[in-house]
S.K.: 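For reference, the structure I am asking about is given below.
Atoms considered below: every heavy atom in the structure, side chains included; atoms not considered: hydrogens, waters and symmetry mates.
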Protein chains: 2
Amino acid sequence: MSPEQPAEGTGKSLFSLQRRERLMEELRAHGAITVRGIAAKLGVSELTIRRDVNLLADEGLVSRVHGGATLPSPLDRSGAAGRPPQHSYSIGMVVPSLDYYWPQVISGARAEAEEQNLRILVRGSAYDAADNRRQVQALLDTQNIDGLIVAPDMTGERGQELLRWLNALPIPVVLAERRSPVENPAHRLEWVATDHAFGAGMAVRHLWQEGHRKIGCLADSSSPTTPHVVRGWRQAMAALKIPVEGSVHEDSAKLDNGDRAAHFDHVLELCKKTGTTALLVHSDTQAVAFVQHCVDKGVQVPGDMAIVGYDDEVAYLAEPAISAVRPPKQYVGKVAVQLMAARLAEGRMRPVHRVELNPELILRESSIGAPRVPATGVLQESL
Amino acid sequence: MSPEQPAEGTGKSLFSLQRRERLMEELRAHGAITVRGIAAKLGVSELTIRRDVNLLADEGLVSRVHGGATLPSPLDRSGAAGRPPQHSYSIGMVVPSLDYYWPQVISGARAEAEEQNLRILVRGSAYDAADNRRQVQALLDTQNIDGLIVAPDMTGERGQELLRWLNALPIPVVLAERRSPVENPAHRLEWVATDHAFGAGMAVRHLWQEGHRKIGCLADSSSPTTPHVVRGWRQAMAALKIPVEGSVHEDSAKLDNGDRAAHFDHVLELCKKTGTTALLVHSDTQAVAFVQHCVDKGVQVPGDMAIVGYDDEVAYLAEPAISAVRPPKQYVGKVAVQLMAARLAEGRMRPVHRVELNPELILRESSIGAPRVPATGVLQESL
DNA sequence: CGCGTTTTGTTCGAGTCTGATCATTTATGA
DNA sequence: TCATAAATGATCAGACTCGAACAAAACGCG
């Protein structure tokens, strides 16, 4: 017989399965193939290719056409054979906390996963890159994960290293409440995050409309969202022409529990000195503690000091109830799963998506009503 | 060998199924097609197109009209299937062009709308706020619109005014390829846009990897996407430590057609003077014209001058074919409709979504291969 | 080493897609 | 209203593709 030298680089003949793999590869690369062309390329007869095509068509992996095959098309109504590809995927999810903030994110993710017929495996982690990686690795090792939703620690060189590692994983990755930095170019990481800066701005504008003209910010830089909140506060202050320099901007990060009361006293002192009548307090829990402290010290809320919290986890528990910015936590989880499901379904033809969500401002007692003690200077030019 | 001589850019002939898909795509993009036009475009006889149209009409996917076909219309009572079209909602869509860029966005939107069982009404407009508003108003007046997808002109005070007006409309609004400005606070406008800055950066980094060390930018500031492209170019240059000051950055906005050749000469002159060996050219069409000009003047592409275009509308037509950044136009339309559908379904409990999509870099001949004439100074430290 | 099974190749008649011609129908303008 | 030009569909022919039947080779196995 004529020693059919496959035009293929390897002079070796392929097994039928490999051949069909190659066929699908060509198909994905070019969108369509001709029986003749592929037969020549793989060094087999056309009939063989036809048989392969028939086989693949029966599985719904290609659409048969006269002279070749194309990617499955909706116009091809031979696909009467229901949907055997009930191939449900498993998604791993690694979050930095299982008590605060994240339960709602997980809940939203779970609901959407059920909708999309996906399985979700959640793992808690610490707020630190090394442990993030450990947890992800554990998921990859023990479970059969098709995709990963993760909220990693991104600070420092370890954080960047972790990001690169995630980016190089063979499965799709979606960040939740984290943004892949723009400087890092080739990132195929997708993400969904709340626009915390917008939320902080909303709070500041609300306080301004209530008549406050000195608005401070009490933050806790140990959280990844803090920088965004502070940035939003700054931007809003600038937009409202309030000088940031003279405003209270304290950070409670490095305090032990023992020092907390002292620190709050210090903050109240500062407020009195600068005439600040309103505070945006990052992290709800801190806001609750601060309001408690104010009440203890006889500082009226909101009369002497208006408070808006951030996160809205426990703000409603305080007395008086605290107004708070509420990130759409459920939706963060939901969108993360949607992104993942779409990515798994559509493959890499789908462009990288990045989604920002706006938070909501929940008004309660702690910020409603004009300040009792008007600040210095101009006032009552409300709106 | 195929007997036919397709007029298609790719010398490949299409299978019937692909042909019908192309037909549906054109249909979704323009709302209607002529048998003659499509036959010419696909390089087949008119009879063949007629047969395709008949076939698609039998499935209810198109409405036959004399001389061509349109999207299925309720007025066409040939619908043997008798499927109640059950248009849950109607969406208005106003885009600034029906010839360039936007047909593909519309096509993606239409395909998704079909999926979601929505009706889409498209109107073309001029690139100017007043006409944008007129077209939107016309849609609101004459049709029963439940939502609006629009790509308005946002420049100047008129643009801001238009945005405020859109924001105040009683129906949900999604911007396509536009971003609501952050300064404007209470915006409930949602949007989906391509990250053009990322695209430009991708192009610059590609040219850098090919060995270019002086990379210019030829822009056309009359387009809304130009600022983003230029910003991306700047950022990438900064990241690669290429001084922007000495680099070519020209703008062809205010030139008449007559001056074009002169301007291109001027640009080439500048490149020679500064040692620039690669250019990112905004708007594909301009890139094609520029490459043509280079060839006419004996400037080798990519040998003397590497080119990357932006938009990838006509880049493949040039000789040599031009590498280009391709925004995910279909997906912009698709995501816009998804956002709208979700908004209509979920109401205002749903948080405001904002989506960014990454473009893709399509490599062709015009940018591949190291520069023949090395730039001044350091070189060949190619990664 | 020989056998059966599986996979691949060849031949050839039937089937399918495409294009050309021409009579008929339809849209458009005077 | 009629006339003209264009679009349409039927029919036929040519080229190509498809699938069945049979033949040959490769592989697994005892």
S.K.: What's the shortest heavy-atom distance between D284(B) and A315(B), and which atoms?
M.R.: OD2-N, 2.9 Å
S.K.: Would you say a side-chain N or O of R19(A) is under 4.0 Å from OP1 or OP2 of dT7(C)?
M.R.: no
S.K.: Judged by each residue's nearest nucleotide on DNA chain D, which is more toward the 5′ side, N54(B) or G67(A)?
M.R.: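 The residue whose closest nucleotide sits nearer the 5' end is N54(B).
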S.K.: Any donor and acceptor pair, going by atom type alone, linking the side chain of S88(B) with main-chain N or O of N117(B) inside 3.5 Å?
M.R.: yes
S.K.: Nearest to the side chain of S16(B) - dT18(C), dG19(D), dG9(D)?
M.R.: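 Among dT18(C), dG19(D), dG9(D), the one nearest the side chain of S16(B) is dT18(C).
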S.K.: If only atom types and distance count, is the side chain of R343(A) paired as donor or acceptor with the main-chain N or O of P351(A) below 3.5 Å?
M.R.: yes
S.K.: If we ignore hydrogens and angles and just use 3.5 Å, is the side chain of D146(B) paired with the main-chain N or O of L344(B) as donor and acceptor?
M.R.: no
S.K.: So what does V65(B) touch, heavy atoms closer than 4.0 Å: a base, only the sugar-phosphate, or nothing?
M.R.: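 Sugar-phosphate only.
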S.K.: In this structure, how many angstroms lie between the C1' atom of dT16(C) and the CG atom of L17(B), rounded?
M.R.: 15 Å
S.K.: Check whether T48(A) reaches the backbone of V44(A) with its side chain - one donor and one acceptor, N or O, closer than 3.5 Å.
M.R.: no
S.K.: At under 4.0 Å between heavy atoms, which parts of nucleotides 20-30 of chain C does protein reach? Answer with one letter per nucleotide, 5' to 3': B base, S sugar-phosphate only, - none.
M.R.: B-----SS---
S.K.: CD of E46(A) versus P of dT17(D): gap in Å, rounded?
M.R.: 7 Å
S.K.: Provide, to the nearest angstrom, the distance between the CG atom belonging to L55(B) and the C1' atom belonging to dG9(D).
M.R.: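 It works out to 15 Å between those atoms.
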S.K.: Rounded to whole angstroms, how far apart are CZ on R50(B) and P on dA6(D)?
M.R.: 13 Å
S.K.: Given dT17(D), dG19(C), dG9(C), identify the nucleotide with an atom nearest to the side chain of T48(A).
M.R.: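 Nearest listed nucleotide: dG9(C).
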S.K.: Distance check needed: dA7(D) P versus R64(B) CZ, whole Å only.
M.R.: 14 Å
S.K.: Looking at CD of E112(B) and CD1 of I120(B), how far apart are the two atoms once the value is rounded to the nearest 0.5 Å?
M.R.: 9.5 Å
S.K.: Round to the nearest Å and state the distance from D52(B) atom CG to dT16(C) atom C1'.
M.R.: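 The answer, rounded to whole Å, is 14 Å.
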S.K.: For the side chain of V35(B), counting heavy atoms from C-beta on, which of dT8(D), dT8(C), dT18(C) is nearest?
M.R.: dT8(D)
S.K.: Between the side chain of K329(B) and the main-chain N/O of D311(B), is any donor-acceptor distance below 3.5 Å?
M.R.: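 Side chain of K329(B) to backbone of D311(B): a pair is present.
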